[in-house]
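Working notes, structure below.
The sequence lines fix the lettering, A, B, ..., with proteins before strands; numbering per chain opens at 1.
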There are 2 protein chains.
Amino acid sequence: MATLKDVAELAGVSVKTVSNVVNGYSFVKPENERKVREALAATGYKPNVGARNLRRGRTGFIALMVPELSIPYFGELAGGVITAAHTHDWSVLIEQTQGMRDPEVATLASLGPHMVDGAIISPEALLTDDLTHNPTGVPMVLLGEHALDVPIDHVGIDNVQAARIAVRHLISMGRNRIAVIGQNPDRGTATQRLAGYHDALNEVGLTCPPEYVAPAVRYHHRDGAEAMARLLALPEAPDAVFCFNDMLAHGAVRAAAERGYHVPQDIAVVGFDNTEHSKYSLPSLTTIAPDKAALAKAAVNLIHERSNGDSSPVQDVQIPFTLEVRESTTG
Amino acid sequence: MATLKDVAELAGVSVKTVSNVVNGYSFVKPENERKVREALAATGYKPNVGARNLRRGRTGFIALMVPELSIPYFGELAGGVITAAHTHDWSVLIEQTQGMRDPEVATLASLGPHMVDGAIISPEALLTDDLTHNPTGVPMVLLGEHALDVPIDHVGIDNVQAARIAVRHLISMGRNRIAVIGQNPDRGTATQRLAGYHDALNEVGLTCPPEYVAPAVRYHHRDGAEAMARLLALPEAPDAVFCFNDMLAHGAVRAAAERGYHVPQDIAVVGFDNTEHSKYSLPSLTTIAPDKAALAKAAVNLIHERSNGDSSPVQDVQIPFTLEVRESTTG
DNA sequence: GTGAAAGCGCTAACAT
DNA sequence: ATGTTAGCGCTTTCAC
C-alpha cells in the first residue's frame with residue numbers, strides 16, 4: 001500500500017507538499033501539483049484513515065447502539081442514521097445489546113474517544129444511574145427512552161401526545177372498551193404512552209379496568225399475541241387495543257384472527273412505529289408514524305454540534321409524527 | 001484521556017511493563033503488576049484502539065455492504081454478522097448502497113486495508129467486471145449474488161435446489177398453474193431460482209406460459225403487489241405463485257386479497273428468505289428459510305481465515321436451508 | 001511555496 | 001523481568 005512518503009519520493013517533493021495536495025491546502029506550485037497528481041495516480045495512493053485520525057484526534061466513526069438490528073424499527077432507524085452520518089463524513093459502527101442491561105453497559109464502556117467521535121444509543125434496560133456520568137467520554141444522544149434526570153441530549157417524539165391521539169382515534173371510531181398492550185414499568189416510553197392513553201380516556205369520561213392494561217417484557221410478535229389471547233379471554237373482552245409497537249400489534253391481530261375475531265369489526269388495533277410492513281399487512285395497520293429520517297438526522301446533527309464544541313444546555317429534540325389511519329381501525 | 005505513558009509514570013514503571021500487563025504478555029513482577037493495576041484503575045485507562053491497530057497493522061473493523069438495512073432480510077443478516085464478528089474482536093461498519101451500482105462501486109473503492117480488515121458484501125447491481133480485480137485490497141466475501149467467474153469467496157444457499165423444493169411443494173399441494181414473481185436478468189439469484197422453478201415443472205411434465213414469469217426490478221412489497229395484479233388479470237390466472245423473496249410474497253398476498261382472492265384457497269403463495277414477520281402474517285407465509293446465522297458466521301470466518309494468510313483456492317460455501325410450510329400454501 | 005522534524009498512542013525489537 | 005527506542009502513516013508547527 002502506497003504511503004504519503006512513497007508518493008513524495010516518486011514525485012520528487014516532500015511529504016508536506018503531497019499532504020497539501022491531498023487535503024487541498026494552501027498554494028502549491030502548479031508544476032509540483034501536477035507531478036504530485038501523477039504520482040498519486042501512479043501509486044494508487046489512498047490515505048490511511050486510521051493514521052490520519054490518530055493525528056487529527058478524531059476517529060471518523062460514530063457508534064449506534066440498538067437492541068437488535070433484526071427488529072424492523074431498528075433496521076429502518078439504522079438505515080437513516082447511516083445516511084445522515086455520511087453527510088458529516090462519518091461511518092457508522094453498529095452494536096447490538098439484545099435490550100439487556102449488561103451488554104448495554106458493556107458496550108457503553110467499550111466506546112471511547114479513541115474508537116468513536118460520538119454515540120447514538122437506544123437503551124432499553126439501562127438505569128438512570130448508568131448514565132448520570134457519561135460513560136463514554138464522547139458526545140452521546142439518547143433515542144426513545146428518556147431517563148429524565150440524565151444530563152444527556154435526547155431525540156424522540158412526544159409519546160404522551162402520540163398515545164393520546166392514537167386512543168382518541170379509537171374513541172372516534174366508536175370504541176369504548178379500549179385496552180393497551182405493552183405496559184412495562186422499566187420502560188419510560190411505556191409509562192408515557194400509558195399516560196397518554198389514560199388522558200384520552202379521561203377526556204371523554206371513559207374508564208379503564210386494570211385488566212385492560214396488558215404488560216409486555218419484550219415487544220415482539222409473540223408477546224403481542226400472548227397479551228391479546230389473555231385480553232380476549234376476559235369476561236368482557238375489549239373492542240379495541242392500542243399496542244406500544246407494531247410488532248406487538250401484528251402479533252395481537254394474528255392472535256385475534258386465530259380465535260375467530262375480525263379486525264377491525266370485532267376488535268380494532270392500533271400500533272406504534274409504522275414499520276414498512278404495516279402498510280401491506282392484512283389488515284393494514286393503523287399506527288403512529290414518527291418521522292424516522294428526521295429522528296436520525298437530528299441525532300447525528302446533535303453529535304456533530306457537540307463534537308464541534310457546542311456546550312449549550314442539554315437538549316431534548318421533539319420529532320414530528322402522524323397517525324396513519326389504515327384498515328385495522330376502519331375496515 | 002489517560003495514555004499508557006501516564007499510567008507508567010503513575011505506577012513508576014516503564015510503558016512496556018504497563019503494555020505487558022494490559023495485554024497479558026510475559027511475566028511481570030507481582031509487585032509491579034499490582035502497582036500497574038492500581039494506576040490503571042486510578043487513571044481509568046482505556047487503550048486507544050486506533051493507535052494499537054495502526055501499530056499492529058490491523059484496523060479492528062470489517063465492513064458489511066448491503067442495499068438497505070430497512071429491508072428485514074438485511075437487518076436480520078446484519079445482526080448475525082455483528083454477532084459473529086464479535087467472536088473475532090471485530091466491530092462492524094455498515095454501508096448502504098440502495099442496490100445501485102454506482103454506490104456499490106464507490107463503497108468498494110472507499111474501503112481499504114486502512115479502514116477495514118475485510119468486507120462482506122451483498123451486491124445487487126455490480127457487474128462481473130467490477131470484481132475481477134478485488135477493488136478493496138482486503139479479504140472479501142460475496143453474499144447471495146454469485147458472479148460465477150469472479151475470484152472471490154462466496155457464501156450462500158443452493159438457489160436452484162431451494163427453488164425446486166419450493167415449487168415441488170406447490171405441485172404436491174395440487175397446483176398446476178404456477179407462476180413466479182421476481183424474474184430479473186441482472187440478478188444471478190433470480191436466474192438460478194427461475195431455473196429451479198423450471199426444473200420442478202419439468203419433472204412432472206408441467207409447462208409454464210411465458211406470461212407466468214413476472215419480472216421485478218426491486219424486490220419490495222409494491223413490486224410484488226403489482227406483479228400479482230398483472231398475473232390475476234391474465235385470461236387464465238395462476239393458482240399458485242412462487243415469489244423470489246418474502247416482501248414480494250407479502251405484497252402479492254395483499255394484492256390478491258384486495259381483488260377478492262383467498263390465499264391459499266384460490267391462489268397459494270410461497271416466499272423466500274423467511275423473515276421474522278412471515279411467521280405472523282395473515283396468512284402466515286410458506287417460505288424458503290436459509291440458516292441466516294450460519295450464513296453470517298461462515299462469511300465472518302472466511303474473512304478471518306483469509307486475513308490470517310489463508311490463500312487456499314476460492315471457496316463457495318453452501319449454507320443449509322429448509323422449506324417452512326405455513327398457511328399460505330396449506331390454509 | 002516547500003522541506004525537516006516532531007509527535008499522536010501504541011507495540012515490538014533490542015538491550016539490560 | 002523490565003526499560004529504551006524506533007516507527008506505524010499522517011498532520012502540523014517551524015524554518016527556509
Side-chain angles (χ1 to χ4, degrees), chain A residues 1-37 39-40 43-61 89 110-117 137-138 307, chain B residues 1-40 43-61 89 111-117 137-138 307:
Chain A
M1 206 71 214
T3 74
L4 222 43
K5 198 170 149 223
D6 298 333
V7 179
E9 280 172 9
L10 184 61
V13 299
S14 80
V15 215
K16 175 68 162 78
T17 305
V18 182
S19 176
N20 282 342
V21 171
V22 170
N23 293 294
Y25 286 161
S26 68
F27 295 72
V28 178
K29 204 191 292 177
E31 187 197 329
N32 278 339
E33 164 143 12
R34 187 187 49 73
K35 284 197 289 191
V36 170
R37 295 213 174 280
L40 245 22
T43 53
Y45 172 81
K46 280 199 278 185
N48 180 325
V49 184
R52 168 182 292 170
N53 288 330
L54 173 62
R55 185 59 238 233
R56 284 194 180 154
R58 61 107 74 179
T59 69
F61 301 109
D89 274 323
S110 79
L111 265 26
H114 310 311
M115 167 134 290
V116 294
D117 298 327
V138 296
S307 66
Chain B
M1 207 72 212
T3 72
L4 221 45
K5 201 171 145 219
D6 298 333
V7 180
E9 280 171 10
L10 184 62
V13 300
S14 81
V15 257
K16 176 65 162 76
T17 305
V18 182
S19 177
N20 281 343
V21 172
V22 170
N23 293 294
Y25 286 162
S26 67
F27 295 73
V28 178
K29 202 190 294 175
E31 186 196 331
N32 279 339
E33 165 142 11
R34 187 186 49 73
K35 284 196 290 189
V36 169
R37 295 215 174 278
E38 277 171 15
L40 244 23
T43 54
Y45 171 81
K46 279 199 279 184
N48 181 324
V49 185
R52 168 180 294 170
N53 288 330
L54 174 63
R55 181 62 236 232
R56 284 192 179 154
R58 59 110 72 180
T59 69
F61 300 109
D89 273 323
L111 265 27
H114 309 311
M115 167 136 291
V116 295
D117 298 327
V138 295
S307 66

From NZ of A:K35 across to P of C:dG1 the rounded distance in Å is 16 Å
Between B:N53 (CG) and D:dG9 (P), how many Å, whole number?
14 Å
Does B:N20 place a side-chain N or O at less than 4.0 Å from the phosphate oxygens OP1/OP2 of D:dT2?
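Indeed not, no polar side-chain atom of B:N20 lies that close.
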Is the closest side-chain heavy-atom distance between A:R52 and A:N23 below 4.5 Å?
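The answer is yes, as the side chains (C-beta and beyond) meet within the 4.5 Å cut-off.
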Within the structure provided, determine whether B:V36 and B:V22 are in side-chain contact (heavy-atom separation under 4.5 Å).
no
Knowing that exactly one of A:T3, A:L4, A:D6 qualifies, which makes a side-chain contact (heavy atoms from CB on, under 4.5 Å) with A:V15?
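The single option meeting the side-chain contact (heavy atoms from CB on, under 4.5 Å) with A:V15 is A:L4.
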Distance only, no hydrogens: is a donor on one side chain within 3.5 Å (strictly under) of an acceptor on the other, for A:D117 and A:T59?
yes
Spell out protein contact along nucleotides 9-16 of chain C as letters: B when the base is contacted, S when just the sugar-phosphate is, - when no protein heavy atom is under 4.0 Å; keep the 5' to 3' order.
BBBBB---
Verify, without hydrogens or angle tests, whether B:K46 (side chain) and A:L111 (backbone) share a donor-acceptor contact under 3.5 angstrom.
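Checked: pair present.
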